[in-house]
Asker: 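Below is the structure I would like to discuss, written out as structure tokens.
In this chain, numbering begins with 1 at the start of the sequence shown.
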Amino acid sequence: MKKTLLLFPCLLFLAGCSNSDDSSADDGDSMMMDDDIVENPQTGFMPCNNGMAGIYPCNGYDFLGRISLADFSASSANDIWGWTDITTGKEYALVGVNNGTAFVDITDTEQLIYLGKLPSATVSSSWRDIKVYQDHAFIVSEAGGHGMQVFDLTKLRNVVNAPETFVADTRYTGFGNAHNIVINEVSGYAYAVGTETFNGGAHFINIQDPKNPIAAGGYGANGYSHDAQVVSYNGPDADYTGQEIFIGANENQVAIVDITDKDNPMQISTFQYTNIGYTHQGWFSEDQRYFILGDELDEIQLGFDSRTLVFDLSDLDNPILHTTYLGETAAIDHNGYVKGDIFYLANYTAGVRILDISGIDGQSIVEEGFFDSYPTNNTAAFEGVWSVYPYFESEKIIVNDINSGLFVIKKSN
């Protein structure tokens, strides 16, 4: 959350909302105290039996492995993304931590390999975001002056003395801090949001040649974008077929913009909803009809159980609230991603909740399972799971817990 708006919740704790960088923090330090770090020596496969996988509450999802914050020489975790090396078939977790980005080979979950870390470009920060395009990781942070690091992931094939300290292949400095990075792999453009440029909106970068990113303009007419998704549109609204569509979670509204022409972005529509706390992040259903949105502060400010809003975007010019889902706990919802008919929701203290959206047309969303890496409680607090990545072909799911680090889980047989 931008520190110029809604200061109160950001003072509560280091949350996923945007904030200033931790410029006073040295590597390995953050505002989180060591006593808050949940360390657990249990590793190796633990099935979910009778609602537990070891010490972790669960339903239908098994524990495959974990690497702790101590192993990463870090004190808090944040974003996570994945990469599959199509040459070798190996799978990797790209793990955001306060002082950099850690890389883990998760191919053999009986032997997770921490390969090394790319240190933060400037100072430590509790906010970092990672995406992948053409075998390169693109990394931004709220750390002052950080810019966008670009790292060639094929270097991970040749690590000899793990863990190594890596060096970025290049760094884009057209902005300093950023809250999130969005990539449209079809067009080859990255979009940094929550920067000091373009009123905090989308900062366009041509990354078609990954090691030579080029500034390509931006869009800020709708103000600060906390997070966004950009798609090459193939949804039900024929007026926009083939266009590049930006949909941004902009603190107190959602903005839909046609950004096909980088020199002339065109607003399509904006929309709001009742009981806004902080419009945080959302993701399209695979048919691009529905946008599944999370509000980060409605639980803590308004007392909802975990609330997810679903909007019907059949007409991009006229979005309509389709249904609202209330979760099983009071925990705050954070990042959510769609794969097939499943919505994977990082739900802070309630862990990862797995929601069946196959009945979304009929306004039916059902929790099919969960894995709770933060067993202490399910209260409305900024602890536990920051983000989740569910896109590996192996069906492994990687989870980044603010307090405990990397978890690898999988649906039970």
Side-chain angles (χ1 to χ4, degrees), residues 21-32 34 37 39 43 65-85 88 90-108 111-173 176-178 181 210-213 386-387 389 398 400-402 404-408:
D21 64 87
D22 295 343
S23 57
S24 62
D26 296 326
D27 284 358
D29 297 332
S30 92
M31 292 171 64
M32 181 179 293
D34 289 341
I37 299 174
E39 294 297 351
T43 57
R66 170 176 169 243
I67 295 184
S68 72
L69 292 172
D71 291 328
F72 290 137
S73 299
S75 58
S76 65
N78 42 69
D79 190 45
I80 195 163
W81 207 249
W83 175 61
T84 300
D85 186 340
T88 65
K90 289 189 173 184
E91 296 175 331
Y92 298 88
L94 285 49
V95 184
V97 292
N98 63 297
N99 54 12
T101 304
F103 301 94
V104 180
D105 183 340
I106 66 162
T107 309
D108 179 0
Q111 188 179 6
L112 301 178
I113 304 172
Y114 171 36
L115 297 170
K117 183 191 295 179
L118 173 65
S120 184
T122 53
V123 297
S124 293
S125 172
S126 296
W127 291 267
R128 199 168 305 280
D129 202 69
I130 311 155
K131 296 296 185 296
V132 170
Y133 174 72
Q134 287 191 356
D135 300 332
H136 289 72
F138 297 81
I139 303 161
V140 300
S141 174
E142 287 282 6
H146 187 279
M148 181 182 72
Q149 294 172 305
V150 182
F151 178 73
D152 186 340
L153 293 166
T154 63
K155 291 178 179 178
L156 302 180
R157 296 172 184 163
N158 303 312
V159 173
V160 176
N161 297 309
E164 292 187 0
T165 298
F166 296 111
V167 176
D169 290 273
T170 192
R171 182 158 69 101
Y172 175 85
T173 56
N177 64 293
I181 181 78
K211 291 185 178 68
N212 293 287
W386 181 295
S387 199
Y389 178 86
I398 50 177
N400 215 11
D401 185 293
I402 297 167
S404 301
L406 169 68
F407 286 77
V408 185

Asker: Look up atom CD1 in I402 and atom OG in S387, then write down how far apart they are to the nearest 0.5 Å.
Answerer: 10.5 Å
Asker: Tell me whether N98 contacts the main-chain N or O of S75 through its side chain, where contact means a donor paired with an acceptor under 3.5 Å.
Answerer: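 It does hold such a pair.
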Asker: Could you check whether any side-chain N or O of K131 sits under 3.5 Å from a backbone N or O of I181, counting only pairs where one atom can act as donor and the other as acceptor?
Answerer: yes
Asker: Are any of the side-chain heavy atoms of P213 and M148 separated by less than 4.5 Å?
Answerer: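 They are in side-chain contact.
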Asker: Of all heavy-atom pairs between V97 and R128, which one has the smallest distance, and what is that distance?
Answerer: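 Of all heavy-atom pairs spanning V97 and R128, the closest is O-NE, 2.9 Å.
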Asker: N78: which residues meet the side chain to side chain donor-acceptor pair (under 3.5 Å) condition with it, sequence neighbours left out?
Answerer: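 Side chain to side chain donor-acceptor pair (under 3.5 Å) check on N78 returns nothing, list empty.
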Asker: I'd like to know if K155 pairs up with D169 as an ion pair, taking the criterion as any Lys NZ or Arg NE/NH1/NH2 lying under 4.0 Å from an Asp or Glu carboxylate oxygen.
Answerer: yes
Asker: Indicate the atoms forming the closest heavy-atom contact of A77 with N400, along with that distance.
Answerer: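 Taking every non-hydrogen atom into account, CB-OD1, 3.4 Å.
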Asker: Apply the ring-ring contact (aromatic ring centres under 6.0 Å, His included) test between F151 and each candidate in W81, Y133, F166; give the one that qualifies.
Answerer: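 Per the ring-ring contact (aromatic ring centres under 6.0 Å, His included) rule, the option paired with F151 is F166, out of W81, Y133, F166.
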Asker: Nearest 0.5 Å, please: how far is CG in L406 from CD1 in I398?
Answerer: 6.5 Å
Asker: To check you understand the geometry: which heavy-atom pair defines the closest contact between H146 and S120, and what is its length?
Answerer: CD2-OG, 3.4 Å
Asker: Calculate, to the nearest 0.5 Å, the distance between atoms CG and OG1 belonging to D135 and T84 respectively.
Answerer: 10.0 Å
Asker: Just so I know, are the side chains of I67 and F72 near enough to count as touching, which here means a heavy-atom distance under 4.5 Å?
Answerer: yes
Asker: Working to the nearest 0.5 Å, report the span between CG of L94 and OG1 of T101.
Answerer: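 One finds 7.5 Å between CG of L94 and OG1 of T101.
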Asker: Report yes or no: does R157 contribute a side-chain atom to a donor-acceptor pair with the main-chain N or O of D85 at less than 3.5 Å?
Answerer: no
Asker: Check whether Q149 reaches the backbone of P119 with its side chain - one donor and one acceptor, N or O, closer than 3.5 Å.
Answerer: yes
Asker: If you take all heavy atoms of S76 and S126, which pair is closest and at what distance?
Answerer: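 Heavy atoms of S76 and S126 come nearest at OG-OG, 4.0 Å.
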Asker: Kindly compute the distance separating OG1 (T154) from NE2 (H136), expressed to the nearest 0.5 Å.
Answerer: 6.5 Å
Asker: Run the ring pair (Phe, Tyr, Trp, His ring centres under 6.0 Å) test against Y92 and tell me which residues pass, sequence neighbours left out.
Answerer: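 Here the qualifying residues are W83.
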Asker: Heavy atoms only: give me the nearest T122-G144 pair and the separation to one decimal.
Answerer: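 Minimum heavy-atom separation between T122 and G144: OG1-O, 2.9 Å.
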Asker: Distance check, rounded to the nearest 0.5 Å: I130 atom CD1 versus F103 atom CZ?
Answerer: 7.0 Å
Asker: When you compare the side chain of V408 with that of L112, does any pair of heavy atoms fall below 4.5 Å?
Answerer: yes
Asker: The test is side-chain contact (heavy atoms from CB on, under 4.5 Å); show your working for F407 and D401 and say whether it passes.
Answerer: CA-CA 8 Å; F407 286 77; D401 185 293; 4.0 Å; yes
Asker: Does any non-hydrogen side-chain atom of W127 lie less than 4.5 Å from one of N177?
Answerer: no
Asker: List in chain and number order the residues that pass side chain to side chain donor-acceptor pair (under 3.5 Å) with Y114, two or more places apart in sequence or in another chain; answer none if no residue qualifies.
Answerer: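 Partners of Y114 under the side chain to side chain donor-acceptor pair (under 3.5 Å) test: none.
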Asker: Minimum heavy-atom separation for S73 to N99, with atom names?
Answerer: O-ND2, 2.9 Å
